[in-house]
K.L.:
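Quick one: structure below, then a few questions.
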Amino acid sequence: MTDTTTKSNLIQGRTGAWEIVMGLEIHAQVASKAKLFSGAAVGFGAGPNEQVSLVDAGFPGMLPTLNGHCVEQAVKTGLGLKAQINKRSQFDRKNYFYPDLPTGYQISQLYFPIVGEGVVEVEAEDGSFFNVGIERLHLEQDAGKLIHDLSPTESFVDLNRAGTALMEIVSKPDIRSPEEAVAYVKKIRTILIYLGTCDGDMEKGNLRADVNVSVCREGQYAKFKADGDFKHLGTRCEIKNVNSFRFISQAINIEARRQIEILEDGGKIIQETRLYDPTKNETRSMRSKEEANDYRYFPDPDLLPLELEQAWIDEIKANLPELPDEKRRRLMSQYGLSQYDAVVLISDQAKADYFETAAAGRDAKLVANWVTNELTARLSADGLEFDASPLPAAHVAELVALIEEGVISSKIAKEVFDHVWNGEGSPRQVVEARGLVQVNDTGAIEQAVDDLIAANPDKAAAVAEKPQALGWFVGQVMKATGGKANPASVNAILKATLGL
């Protein structure tokens with residue numbers, strides 16, 4: 001990938017321009033009914049410690065049993081990221097003490113992950129594309145949760161999340177701005193949802209990101225990238241567990257500026273883990289950044305190395321669903337949509353499916369406009385997702401058909417849409433019940449035009465010298481016909497009558 005430094009992703013300090021360099025670690029909860037190494041249920045909303053097995057609680061003598069479905073989900077995700085699937089991987093123990101980690105260690109994959117290098121194509125805000133390299137994807141178990149606000153003197157432990165399967169997707173340091181970071185996380189989230197390997201619910205913590213931020217002087221990134229040497233590019237700090245797109249952007253901005261101020265004052269960046277406080281809009285130190293040897297990693301003696309057969313991997317690959325990039329290209333080719341429209345549609349799988357159902361046999365561009373504008377806005381205002389739309393795709397198709405047939409105008413269609421949304425029936429039923437049929441009778445339109453010109457002879461005479469004034473006449477004819485006149489007929493008759 002070529003260097004993507006532009007003036008827009010440079011930060012101006014007191015002593016010159018700086019670049020941001022980032023790699024992200026996305027933790028995605030595997031879509032599974034059971035945990036990674038136990039049969040305990042996985043689900044949001046259960047009471048404290050209601051979904052905990054003896055394995056999750058770290059009872060002596062309890063042995064982990066690998067959940068094969070979680071392995072399949074990780075392989076499927078790796079294939080969706082166009083990454084190398086490692087036929088041999090290994091689980092390791094990451095040793096540290098924390099009250100919500102009953103065993104005193106986390107089972108993860110340090111040395112031999114299940115997925116190796118890959119690449120993701122990401123759409124930038126300006127419609128261009130950039131690539132982000134994937135370093136690895138490994139499986140690991142989540143920790144529990146500490147609750148501090150139920151007592152002034154005690155903390156409580158909820159182990160419902162303990163042992164839940166996570167996929168940690170580690171990117172290469174290819175991300176150069178807060179906007180690129182957000183776009184990358186959105187793309188990963190979309191891919192996971194299409195694959196069905198994670199529901200992407202950030203509010204529930206099912207997808208969250210650790211953001212590694214460092215800064216360097218303008219031009220240094222290109223040099224170090226060309227040499228393949230990022231170790232000496234700049235000391236990075238990791239911002240842990242950021243769980244919204246807005247917070248990701250804000251955290252990166254504030255952390256980059258913090259580092260720049262320290263460096264410009266002659267200080268040094270300490271490699272550490274930090275937390276973002278959205279209330280104060282600041283990052284604060286959590287702990288010094290540990291190295292692998294601090295965790296005393298070693299292969300888990302209770303779990304054999306994981307050996308995958310190529311035939312099984314090939315079977316999973318053959319059954320992958322259509323992914324966002326392929327769907328975008330197909331929508332552009334099959335329906336003649338612009339890249340912008342296709343990108344907007346594929347950003348939500350339910351929206352893309354809704355569009356295709358409504359577009360069958362109809363003007364696809366017109367359908368796309370209704371789906372991405374009117375319907376999206378109405379759903380957003382009512383706090384609804386596309387898969388919960390009260391308006392079936394058949395209604396949008398019928399509305400577009402009425403426009404194509406000349407029964408209603410685009411302006412009348414918006415009024416019809418309002419009535420349909422309020423549950424008054426299908427578009428055709430609303431048009432018939434409310435008498436909203438477009439006036440195509442040229443005789444009626446000619447009469448309205450003649451009456452208007454007779455009442456405004458001075459304005460009619462001025463149109464010859466100022467043709468743009470025709471718009472006033474169009475508006476008045478539409479008003480006189482209650483907005484029902486066919487706009488194309490109105491324009492044609494006015495031009496013919498006024499000699500334009």
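Residues: numbered from 1 along the sequence shown. Heavy-atom basis, side chains included; hydrogens, waters and symmetry copies ignored.
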K.L.:
Distance check, rounded to the nearest 0.5 Å: N86 atom CG versus R136 atom CZ?
P.N.:
9.5 Å
K.L.:
Assess K186 against F245: is NZ or CZ under 6.0 Å from the centre of the six-membered ring, and within 45 degrees of the ring's axis?
P.N.:
yes
K.L.:
Do NZ/NE/NH1/NH2 and the carboxylate oxygens of E315 and K317 come within less than 4.0 Å?
P.N.:
no
K.L.:
For a side chain to side chain donor-acceptor pair (under 3.5 Å) check, start with the C-alpha distance between E25 and N212, then their side-chain angles and the critical distance, and finish with the verdict.
P.N.:
CA-CA 8 Å; E25 300 165 10; N212 292 285; 3.2 Å; yes
K.L.:
Counting only heavy atoms not in F156 (residues, nucleotides, ligands), do more than 12 fall under 6.0 Å from its CZ?
P.N.:
yes
K.L.:
Specify the closest pair of heavy atoms between I175 and A181, including all atoms of both residues, with the distance to one decimal.
P.N.:
CG2-N, 3.4 Å
K.L.:
Could you grab the distance from atom CD of E123 to atom OG1 of T190, nearest 0.5 Å is fine?
P.N.:
8.0 Å
K.L.:
Thinking salt bridges, do E203 and R208 make one under a 4.0 Å N-O criterion?
P.N.:
no
K.L.:
Do D56 and S53 pair up side chain to side chain, a donor and an acceptor below 3.5 Å, judged on atom types alone?
P.N.:
yes
K.L.:
Using a cut-off of 6.0 Å, state whether more than 12 heavy atoms not belonging to Y340 lie near its atom OH.
P.N.:
no
K.L.:
Which heavy atom of I313 sits nearest to which heavy atom of L79, and what is that distance?
P.N.:
O-CD1, 4.0 Å
K.L.:
Sort out for me which residue in K94, Q90, H138 forms a side-chain contact (heavy atoms from CB on, under 4.5 Å) with Q109.
P.N.:
H138
K.L.:
So, for Y221 and P173, which heavy atoms are closest and what is the spacing to 0.1 Å?
P.N.:
OH-O, 3.1 Å
K.L.:
Only one of R93, E140, E168 passes side chain to side chain donor-acceptor pair (under 3.5 Å) with S108; say which it is.
P.N.:
E140
K.L.:
Going by distance alone, is a donor N or O of one side chain under 3.5 Å from an acceptor N or O of the other, for Q12 and W18?
P.N.:
no
K.L.:
If you draw a 6.0 Å radius around CD in E385, do more than 12 non-hydrogen atoms from other residues or ligands fall strictly inside?
P.N.:
no
K.L.:
So, T235 versus Q271: side-chain donor-acceptor pair below 3.5 Å or not?
P.N.:
no
K.L.:
Where is the tightest heavy-atom contact between Y335 and A359, given as atom of each residue plus distance?
P.N.:
CE2-CB, 4.0 Å
K.L.:
Less than 4.0 Å between a side-chain N and a carboxylate O, is that true for D100 and K145?
P.N.:
no
K.L.:
Under 3.5 Å, is there a donor-acceptor pair between the R328 and Q339 side chains?
P.N.:
no
K.L.:
If only side-chain N and O atoms count, and only distance matters, is there a donor-acceptor pair under 3.5 Å linking S155 with H148?
P.N.:
yes
K.L.:
I'd like to know if the side chain of D300 reaches the main chain of D92, judged simply by a donor and an acceptor atom lying under 3.5 Å from each other, with no hydrogens or angles considered.
P.N.:
no
K.L.:
Will you find, in the side chains of R236 and S214, an N or O donor that is under 3.5 Å from an N or O acceptor?
P.N.:
no
K.L.:
Going by atom types alone, do Y354 and D387 pair a side-chain donor with an acceptor below 3.5 Å?
P.N.:
no
K.L.:
Salt bridge or not for R330 and E356, using N-O below 4.0 Å?
P.N.:
yes
K.L.:
Do Y194 and E322 get their side chains close enough for a donor-acceptor pair, meaning under 3.5 Å?
P.N.:
no
K.L.:
Report the distance from atom CG of L207 to atom CG of D201, rounding to the nearest 0.5 Å.
P.N.:
9.5 Å
K.L.:
Can you tell me if N369 uses its side chain to pair, donor with acceptor, with the backbone of A364 under 3.5 Å?
P.N.:
no
K.L.:
Which atoms form the tightest heavy-atom contact between L323 and G80, and what is the distance?
P.N.:
CD1-CA, 3.7 Å
K.L.:
Any sub-3.5 Å donor-acceptor pair from K35's side-chain atoms to N160's backbone N or O?
P.N.:
yes
K.L.:
Could you report the tightest heavy-atom contact between A34 and N67, atom names first, then the distance?
P.N.:
O-ND2, 3.5 Å
K.L.:
Do other residues, nucleotides or ligands put more than 12 heavy atoms under 6.0 Å from L146 CG?
P.N.:
yes
K.L.:
Roughly how far, to the nearest 0.5 Å, is the OG atom of S347 from the NZ atom of K187?
P.N.:
11.0 Å
K.L.:
Between Q349 and D353, is the side chain to side chain donor-acceptor pair (under 3.5 Å) condition met? List the steps.
P.N.:
CA-CA 6 Å; Q349 188 176 27; D353 292 344; 4.8 Å; no
